[in-house]
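Here's the structure, in structure tokens; my notes come after.
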Amino acid sequence: MERLEKLYEGKAKILYNTSDPDLMVQYFKDDASAFDGKKKGTIVDKGVMNNHMSSRIFQYLEGEGIKTHFVKNINDREMLVKKLDIIPIEVVLRNVAAGSLCKRLGIEQGMILQKPILEFFYKSDPLGDPMINECHVDVFGWATNKEVEILKAEGIRINNLMTKFFEERNIRLVDFKLEFGRHKGEVILGDEISPDGCRLWHLETNEKMDKDRFRFNMGNVEEKYQEVYDLICN
Ligand code: UDP
């Protein structure tokens with residue numbers, strides 16, 4: 001499927017129209033950003049690795065009965081996806097305390113959470129993706145109550161499946177972000193699943209293998225993405 005005009009360019013990906021109004025090409029860039037776009041840089045071949053890792057994880061989730069926008073992998077940097085009406089909510093699942101949870105609540109990084117925590121954030125670059133709850137979603141009409149129930153149920157199911165998937169590869173799934181959209185009357189998983197939007201720690205050493213290495217200038221960013229890629233895709 002040939003890509004046509006650019007529909008949207010984000011920080012790490014570009015979406016192109018195709019000749020089929022129901023399908024888009026999702027192109028993965030090497031650009032990396034953090035702290036609401038204040039830190040910018042490049043992770044060499046990140047686009048290639050994230051495209052293949054996302055494809056592999058979407059295929060795994062589809063095989064387990066999760067509906068996603070993934071159609072097929074086209075080449076190293078492009079994935080064919082279904083066109084979604086994106087719900088402007090980031091669904092974050094947490095298994096271990098890290099990142100904004102620690103900052104917000106004074107919790108020590110690395111605490112194993114007794115149960116997964118699910119959080120909602122409003123997708124808005126100018127506002128820096130503020131945390132929201134179901135009342136905000138309802139009053140401001142970002143999703144219906146029924147859709148919110150799907151976001152929560154699918155979020156928990158995907159967390160269970162992905163925790164198992166990564167554990168089998170010697171990786172701890174600390175936390176991650178999901179985005180969903182509407183497609184032909186259904187709510188399905190969109191965006192990407194990669195070390196850009198997941199915290200992944202080595203199961204035994206707790207070494208960080210995700211975008212935190214870029215965020216905090218920890219070095220070996222490409223090497224750690226490559227390690228995750230090898231564990232997932234080879
Ligand atoms: N995350 C993301 N995009 C965002 C915000 C968060 O992919 O705009 C991911 C992030 O990589 C982490 C999880 O969601 O795996 C939880 O992020 P957190 O709320 O701790 O925020 P951060 O530390 O990224 O500011």
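Atoms within a ligand are numbered from 1 in the order they appear, just like the ligands themselves. Start at 1 with the first residue, then count along the sequence.
In this structure, atom 10 (C) of ligand 1 lies nearest to the protein heavy atom Arg215 NH2, 3.6 Å. In terms of protein heavy atoms, atom 4 (C) of ligand 1 is closest to Glu90 OE1, 3.5 Å. The protein heavy-atom contact nearest to atom 8 (O) of ligand 1 is Asp129 OD2, 3.1 Å. The shortest contact between atom 25 (O) of ligand 1 and any protein heavy atom is with Ser100 CB, 4.4 Å. Shortest contact from atom 13 (C) of ligand 1 to any protein heavy atom: Asp175 OD1, 3.5 Å. Protein heavy atom in closest approach to atom 1 (N) of ligand 1: Lys177 CB, 3.8 Å.
The contact set between ligand 1 and Arg199, taken as ligand atoms under 4.0 Å from a residue heavy atom, comprises 12 (C), 15 (O), 16 (C), 17 (O), 18 (P), 20 (O), 22 (P), 23 (O), 24 (O). Taking every heavy atom of Asp196 and a limit of under 4.0 angstrom, the matching atoms of ligand 1 come to 7 (O), 11 (O). Less than 4.0 angstrom separates some heavy atom of Val92 from each of these atoms of ligand 1: 14 (O), 16 (C).
Heavy atoms of Asp210 found under 4.0 angstrom from ligand 1: none, in either backbone or side chain. Contacts with ligand 1 closer than 4.0 Å are made by backbone heavy atoms (N, CA, C, O) of Cys198 only, the side chain lying farther away.
Assignment of Asp212 to the shell around ligand 1 is not supported, since no heavy atom sits closer than 4.0 Å. At least one heavy atom of Arg94 lies less than 4.0 angstrom from ligand 1.
The protein does not reach atom 6 (C) of ligand 1 closely, with no heavy atom under 4.0 angstrom from it.
At least one donor-acceptor pair closer than 3.5 Å links the side chain of Glu222 to the backbone N or O of Val44. Between the Asn170 side chain and the Leu203 main chain, no donor and acceptor come within less than 3.5 Å of each other. Judged by distance alone, with hydrogens and angles left aside, the side-chain atoms of Asp31 form no donor-acceptor pair with the main-chain N or O of Thr42 at under 3.5 Å.
The existence of a salt bridge linking Lys67 and Glu154 is excluded, since no basic side-chain nitrogen approaches an acidic carboxylate oxygen closer than 4.0 Å. Salt bridge annotation for Glu149-Lys152: present, with a cationic side-chain nitrogen under 4.0 angstrom from a carboxylate oxygen. A salt bridge links Arg77 with Asp45; the closest basic N to acidic carboxylate O contact falls under 4.0 Å. Checked for salt-bridge contact, Glu119 and Arg104 meet the test: a charged N lies under 4.0 Å from a carboxylate O.
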Using a 3.5 Å cut-off and no angle test, enumerate the donor-acceptor pairs between side-chain atoms of residues 227-234 and protein atoms at least two apart in sequence or in another chain.
{"from": "Glu227", "atom 1": "OE2", "to": "Lys224", "atom 2": "NZ", "distance (Å)": "2.8"}
{"from": "Asp230", "atom 1": "OD1", "to": "Gln226", "atom 2": "NE2", "distance (Å)": "3.2"}
{"from": "Asp230", "atom 1": "OD1", "to": "Asn234", "atom 2": "ND2", "distance (Å)": "3.0"}

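Taking the centre and axis of the six-membered ring of Phe214, the NZ or CZ atom of Lys39 falls inside the cone set by 45° and 6.0 Å.
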